[in-house]
Amino acid sequence: MKLSAKTEYACLAMLQLAADHDTGRPAPLKSLSAKQSIPEGFLVQILQDLRRAGLVVSTRGASGGYRLARAPEEVSLAEVVTATEGSVVPAEGSACSSPLAVALHSVCEDLRHAQRRRLESLSLAGLLERSTVSNEPMWYI
C-alpha cells in the first residue's frame with residue numbers, strides 16, 4: 001500500500017497526538033509540526049480534515065491546540081486514511097469483461113477487503129506500542 005504525503009503526515013500527527021494523549025493538554029500546531037517535521041501550512045489543512053472527520057478536537061487561545069477526540073485505542077488507522085483519502089482502498093474497474101478479467105478483478109477485490117480489515121484492526125495505541133518495541137536496543141550475547 002502506498003500512502004500519499006498527506007496521509008502519511010496525518011498518520012504521524014495522529015500518532016503524536018496519541019503519544020501526548022495522557023497529558024490531557026492540547027498540542028500546539030507548532031509543536032506537532034516540529035516534532036514530526038510536517039510543514040505547518042500543510043498540517044493545518046490535514047488537521048482540518050481530521051477535525052471534520054471527528055478524529056481530533058481543537059482548542060483556541062494561547063494554550064490551545066489539537067488533541068484526539070477519542071482514546072488512542074478507539075481510533076483505527078483506517079479512520080485516519082479515510083479522513084484524508086476519502087476511502088481506504090479505492091475501487092478499480094476495467095473495461096475488459098472476459099472471464100479471465102473477472103477472475104483477476106475478484107482477486108483484487110479480495111485483496112482490497114483484506115487491506116481494509118487490516119487497517120481497521122490497527123489502532124493508534126497499537127502502532128505506538130510497535131514504535132516503542134522497535135526502538136528498544138537489541139542486546140546480543
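Numbers for residues simply follow the sequence, beginning at 1.
- Here Leu12 contributes atom CG and Leu32 contributes atom CG; the two are 10.5 Å apart, rounded to the nearest 0.5 Å.
- With sequence neighbours excluded, the residues forming a side-chain hydrogen bond (donor to acceptor under 3.5 Å, both in side chains) with Arg70 are Glu79, listed by chain and number.
- To the nearest 0.5 Å, the span separating NZ on Lys6 from CD1 on Ile46 amounts to 7.0 Å.
- Partners of Tyr66 by ring pair (Phe, Tyr, Trp, His ring centres under 6.0 Å), not counting sequence neighbours: none found.
- Annotation: side chain of Ser63 is not in contact with side chain of Arg25 (no heavy-atom distance under 4.5 Å).
- Put simply, OG on Ser131 and CG on Leu15 are 7.5 Å apart, with the number rounded to the nearest 0.5 Å.
- Applying the side-chain contact (heavy atoms from CB on, under 4.5 Å) test to Pro26 and every residue at least two apart in sequence or in another chain returns Thr59.
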Check against side chain to side chain contact (heavy atoms under 4.5 Å, CB included), Arg67 and Val56: CA-CA 6 Å; Arg67 58 187 171 79; Val56 299; over 6 Å; no

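- There is no side-chain donor-acceptor pair under 3.5 Å between Ser123 and Glu74.
- Of the N and O atoms on the side chains of Glu109 and His105, not one donor lies less than 3.5 Å from an acceptor on the other residue.
- With sequence neighbours excluded, the residues that form a side-chain contact (heavy atoms from CB on, under 4.5 Å) with Arg52 are Gln48, Asp49.
- Remark: Leu127 CG to Cys11 SG distance equals 8.0 Å, nearest 0.5 Å.
- If you take CD on Glu120 and OG1 on Thr82, they are separated by 8.0 Å, rounding to the nearest 0.5 Å.
- Across Asp20 and Ala27, no two heavy atoms sit closer than the pair OD2-CB, 4.4 Å.
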Residues 33-44 side chain polar contacts: donor-acceptor under 3.5 Å, at least two apart:
unit_1	atom_1	unit_2	atom_2	d
Ser33	OG	Ile38	O	2.5
Gln36	NE2	Gln16	OE1	2.7

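- Side-chain heavy atoms closer than 4.5 Å link hydrophobic residues (I, L, V, M, F, W, Y) into clusters, and following such links, even through other members, never connects Leu104 to Leu111.
- For Ala69, the side-chain contact (heavy atoms from CB on, under 4.5 Å) partners two or more places apart in sequence, or in a different chain, are Val57.
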So Leu17 and His21, side chain to side chain contact (heavy atoms under 4.5 Å, CB included) or not? Walk me through it. CA-CA 6 Å; Leu17 292 174; His21 183 71; over 6 Å; no

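- How far CG of Leu55 is from CE of Met14: 4.5 Å, rounded to the nearest 0.5 Å.
- Looking at heavy atoms from C-beta onward, Ser121 lies out of side-chain contact with Arg117 at the 4.5 angstrom threshold.
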